[in-house]
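To start, the structure under review is shown below, and the notes come after it.
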Amino acid sequence: MKSLLFLLPFAAALTASAALPAVGPNYVRPAAPVPGSYRDVDTSFAWKAGTPADALSHGSWWRLFRDPVLDGLENRALAANQDLRGAAARVEEARAEAGLARSDYWPRIAANGEFTRERTSSTTANVFPATLTNTYNAPLSATWELDVFGRVRRLSESARADAAASAATFEAVRLAMTADVASTYFTLGALDRELAIVRETAELRRRALQIENVRLRHGTAAEVDVARAETELATADADAADLENRRASVRNALAVLIGAPASDFQVTPSPVGRITAPVVPPGLPADLLERRPDIAAAERSLAAANARIGVAKAAFFPAISLTGSAGFASDEVDTLFNADSRVWSIGPRLYLPIFQGGRNRANLERSRAAFDEAVAIYRGRVLVAFRDVQDALTSGRWIAAQLAAQQRALTAAKRAEKLTQSRYDAGYVSYFEVIDAQRTSLAVERAAVRLEAQRLNASVALIKSLGGGWTSTALVAAR
């Protein structure tokens, strides 16, 4: 135990250096521009700047849409999405880096074993005769940098902030991935509905062509009516083929998101018109934007950049290290661990930068510039966050108004189509007017389906812009 007394100076130095202040600026979160309220929302509410609160549970926000098929896809994506797995690995890497930086707080102690056999020369300027000697060493060595000016502390502070930024980035990837799954799923559902409408239309036009051919044979229809019927049938078939192609691309994109081979993946989405979209509840808390993980990541990166200024500033000051060793040395194995074979040494080492050719000054200026860049990135990210919420609120409001008008147009178009068909059957109008009414009705119905998907995607965008939804107790669903 006495041989370990040389570690006492390291312990004393560790205690003393921990109480010393670190050079460089202490981190203070910069102010960011904050709007007073948002437009295009029935219940106005104020916001404040994004304070990292991304550690709060984001939950399974997609359950707000109450679609079991979507729930299953999201769970598969969380388990197998490769981008998410890569982000998780980067979090572990950053945490390990923080552990490496934290290890510099402590002395580095190592045990060594050494044996040397040496022969001296008798033909050199050596007064001793040629001899053979054996030396056995079993030392315990230690070295430790006294963190007098806080270089190690700032390095650890920077690494911890980088690890927190990496964890927030993981949450940002998770949020973006789950939002992409939902948006792609809703787009696929809309394409399915459009495809069903076009196929139904093609079948009706196929029957209409048969009827026109019969009428042509009986002399009650002209060849131009048959040609128009053939044109409309071919157009519907072409539209169906285009929709099939687009649906395959969207389905394949969804397969990649959930980590499945595109060729093996099949899914039948729920009709978009039957999915309930959540709306912004009254009294939405003003701090929800704080949960955005991208803002948290930018803010933590800013803190890391601030700590690196302290690291660069510490390079101007002396670096003091303590080194020591203790153990046994002998020329015989039998006496190696005897009390008389004990050896030890301890001493400080000082490194004082005198002339570095401007290297330290340039490094400090670079660190300060990197911090200024991080401030701009953070403030810009906050502005983008506010814009995202504003865009989502505006989009949701006007898409709802557009969808309501489109539903009125669809009702009128269906009625006009029915009336025109009745007039044609009675011989009052030509088949051209029937085709025109059908074309109008089809276009309006397909537009309504696309708007349904846009309405759902706008809800996804709002949830994403708010960092993953809001408290379920305050949630009210659209009816």
Side-chain angles (χ1 to χ4, degrees), residues 186-250 268-275 277 395-458 478-479:
F186 294 143
T187 300
L188 186 63
L191 287 172
D192 278 354
R193 179 58 186 146
E194 273 197 82
L195 185 58
I197 293 171
V198 171
R199 285 174 174 171
E200 182 181 354
T201 300
E203 183 60 29
L204 291 174
R205 288 177 178 175
R206 187 170 286 105
R207 295 175 185 174
L209 176 60
Q210 295 172 354
I211 293 174
E212 291 305 311
N213 281 321
V214 171
R215 287 184 173 181
L216 178 64
R217 288 194 298 268
H218 289 81
T220 58
E223 288 190 17
V224 66
D225 293 330
V226 175
R228 285 170 178 168
E230 290 176 343
T231 300
E232 293 303 315
L233 174 59
T235 300
D237 289 339
D239 285 346
D242 177 63
L243 288 170
E244 288 278 13
N245 182 43
R246 288 162 54 192
R247 185 191 186 282
S249 297
V250 174
T268 302
S270 303
V272 292
R274 299 180 185 175
I275 300 177
S395 178
R397 177 179 180 181
W398 293 115
I399 287 176
Q402 186 179 2
L403 181 59
Q406 196 72 24
Q407 292 292 352
R408 296 197 304 272
L410 178 59
T411 300
K414 288 291 186 182
R415 184 162 55 89
E417 179 186 358
K418 184 177 180 180
L419 291 173
T420 303
Q421 184 67 47
S422 298
R423 288 170 60 82
Y424 173 74
D425 293 339
Y428 293 117
V429 297
S430 67
Y431 188 63
F432 175 79
E433 293 190 35
V434 174
I435 291 175
D436 186 61
Q438 289 178 347
R439 188 185 299 115
T440 300
S441 177
L442 175 63
V444 172
E445 187 172 8
R446 292 179 65 181
V449 171
R450 289 192 290 267
L451 283 172
E452 287 284 0
Q454 292 179 31
R455 174 180 63 91
L456 295 173
N457 287 333
R479 291 290 188 265

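Both backbone and side-chain heavy atoms feed into the values below; hydrogens, waters and symmetry mates do not.
Considering every non-hydrogen atom in both Y424 and V429, the closest pair reads CD1-O, 3.3 Å. The nearest pair of heavy atoms linking I275 to L456 is O-CD2, 3.9 Å. What you find for A240 and V198 is that their closest heavy atoms are N-CG1, 3.6 Å. R246 and L191 get closest at one heavy-atom pair: NH2-CD2, 3.6 Å.
The side-chain contact (heavy atoms from CB on, under 4.5 Å) check on K418 picks up nothing, with sequence neighbours excluded. Every residue meeting the side chain to side chain donor-acceptor pair (under 3.5 Å) condition with R199, not counting sequence neighbours, appears here in chain and number order: E244.
In this structure, CZ in R415 is found 9.0 Å from OG1 in T411, a value given to the nearest 0.5 Å. Rounding to the nearest 0.5 angstrom, the gap separating the CG atom in L451 from the CD atom in Q402 is 4.5 Å. Taken from CZ in R408 to CG in L410, the straight-line distance is 12.0 Å, to the nearest 0.5 Å. To the nearest 0.5 Å, atoms CG (D192) and OG1 (T268) are separated by 7.0 Å. Note that CD1 of I399 and CD of Q454 are 5.0 Å apart. Values are rounded to the nearest 0.5 Å.
Looking only at side-chain heavy atoms (C-beta outward), R446 and L243 come within less than 4.5 Å of each other. Counting heavy atoms from C-beta outward, E200 and E203 have side chains that stay 4.5 Å or more apart. Within the 4.5 Å cutoff, the side chain of L442 has no heavy atoms near those of the Q438 side chain. Between Q407 and E452, the closest side-chain pair of non-hydrogen atoms falls below 4.5 Å.
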Side-chain atoms of residues 225-239: list all donor-acceptor pairs with protein atoms under 3.5 Å, sequence neighbours left out, distances to 0.1 Å.
from, atom 1, to, atom 2, distance (Å)
T231, OG1, A227, O, 2.9
E232, OE1, R205, NH1, 3.3
E232, OE2, R439, NH2, 2.6
T235, OG1, T231, O, 2.8

Next item on the list: Given side-chain contact (heavy atoms from CB on, under 4.5 Å), test L209 with R206 step by step and report yes or no.
Entry: CA-CA 5 Å; L209 176 60; R206 187 170 286 105; 5.7 Å; no
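For E445 and K414, the salt-bridge test passes: some basic side-chain N is under 4.0 Å from an acidic carboxylate O.
Between the side chain of S441 and the backbone N or O of A437 there is no donor-acceptor pair closer than 3.5 Å.
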